[in-house]
Peer 1: 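Below is one structure. I have some questions about it.
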Amino acid sequence: VVLCILRVCSAIGSVDSSGRRRLTKTMEGMSTTQLKLLFDALDADKNGTLDREEVKKLVETVLQEAAVTDAVMDSCFEEMDADKSGTVEW
């Protein structure tokens, strides 16, 4: 999820390199428990996975950026969905 946000930030230019570093540092400072809580909060349908729409909503909410293109989301999601199941598992 963090990787996706950083890639979208880069692609749409909404966060400069300093902002990306701050975001990365913040996420790296989170414990596994905190990251799991974030993942669970993003899992709107509570099925234990994040689908493309849940990830897109996260990106749009966090970045307050509605202009995330389908191409950018496709690229991010493809990278996150390592097993090509259509979802991102914890």
Side-chain angles (χ1 to χ4, degrees):
V1 173
V2 175
L3 176 61
C4 180
I5 293 171
L6 292 175
R7 290 202 50 200
V8 171
C9 287
S10 294
I12 62 175
S14 59
V15 176
D16 62 15
S17 61
S18 174
R20 285 192 298 274
R21 284 193 299 270
R22 284 193 310 272
L23 179 59
T24 300
K25 186 175 181 176
T26 298
M27 298 304 281
E28 287 175 349
M30 294 177 74
S31 69
T32 302
T33 301
Q34 290 169 317
L35 290 169
K36 176 65 169 142
L37 287 171
L38 175 61
F39 183 94
D40 290 344
L42 298 172
D43 182 13
D45 57 10
K46 305 301 179 204
N47 67 354
T49 64
L50 300 179
D51 62 30
R52 187 179 184 285
E53 289 305 309
E54 288 167 327
V55 172
K56 184 174 182 178
K57 184 163 180 69
L58 161 73
V59 171
E60 291 173 347
T61 300
V62 169
L63 298 178
Q64 296 182 355
E65 176 65 60
V68 178
T69 67
D70 286 339
V72 170
M73 282 307 303
D74 288 346
S75 175
C76 289
F77 199 77
E78 182 178 316
E79 188 169 326
M80 295 172 64
D81 184 15
D83 65 0
K84 307 301 180 217
S85 65
T87 61
V88 177
E89 297 80 18
W90 173 252

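The basis for the numbers below is simple: all heavy atoms, side chains too, and nothing from hydrogens, waters or symmetry mates.
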Peer 1: With sequence neighbours excluded, what pairs up with D45 under the side chain to side chain contact (heavy atoms under 4.5 Å, CB included) test?
Peer 2: D43, N47, D51, E54
Peer 1: Is a side-chain donor or acceptor of K36 paired with a backbone partner of S31 at a separation under 3.5 angstrom?
Peer 2: no
Peer 1: Looking just at side-chain N and O atoms, do T87 and E89 make a donor-acceptor pair shorter than 3.5 Å?
Peer 2: yes
Peer 1: Return the minimal non-hydrogen interatomic distance between E78 and K84, and the atom names on each side.
Peer 2: O-NZ, 3.1 Å
Peer 1: Please tell me whether W90 and L42 are part of a single hydrophobic cluster in this structure, the criterion being side-chain heavy atoms less than 4.5 Å apart.
Peer 2: yes
Peer 1: So, for F39 and V88, which heavy atoms are closest and what is the spacing to 0.1 Å?
Peer 2: CZ-O, 3.4 Å
Peer 1: With no hydrogens and no angle check, is any side-chain donor or acceptor of D81 less than 3.5 Å from a backbone partner on G86?
Peer 2: yes
Peer 1: Checking D74 against R52 for the salt bridge (charged side-chain N to carboxylate O under 4.0 Å, His left out) test, could you report, in this order, the C-alpha distance in whole Å, the side-chain angles of both residues, the deciding distance, and whether it holds?
Peer 2: CA-CA 8 Å; D74 288 346; R52 187 179 184 285; 2.7 Å; yes
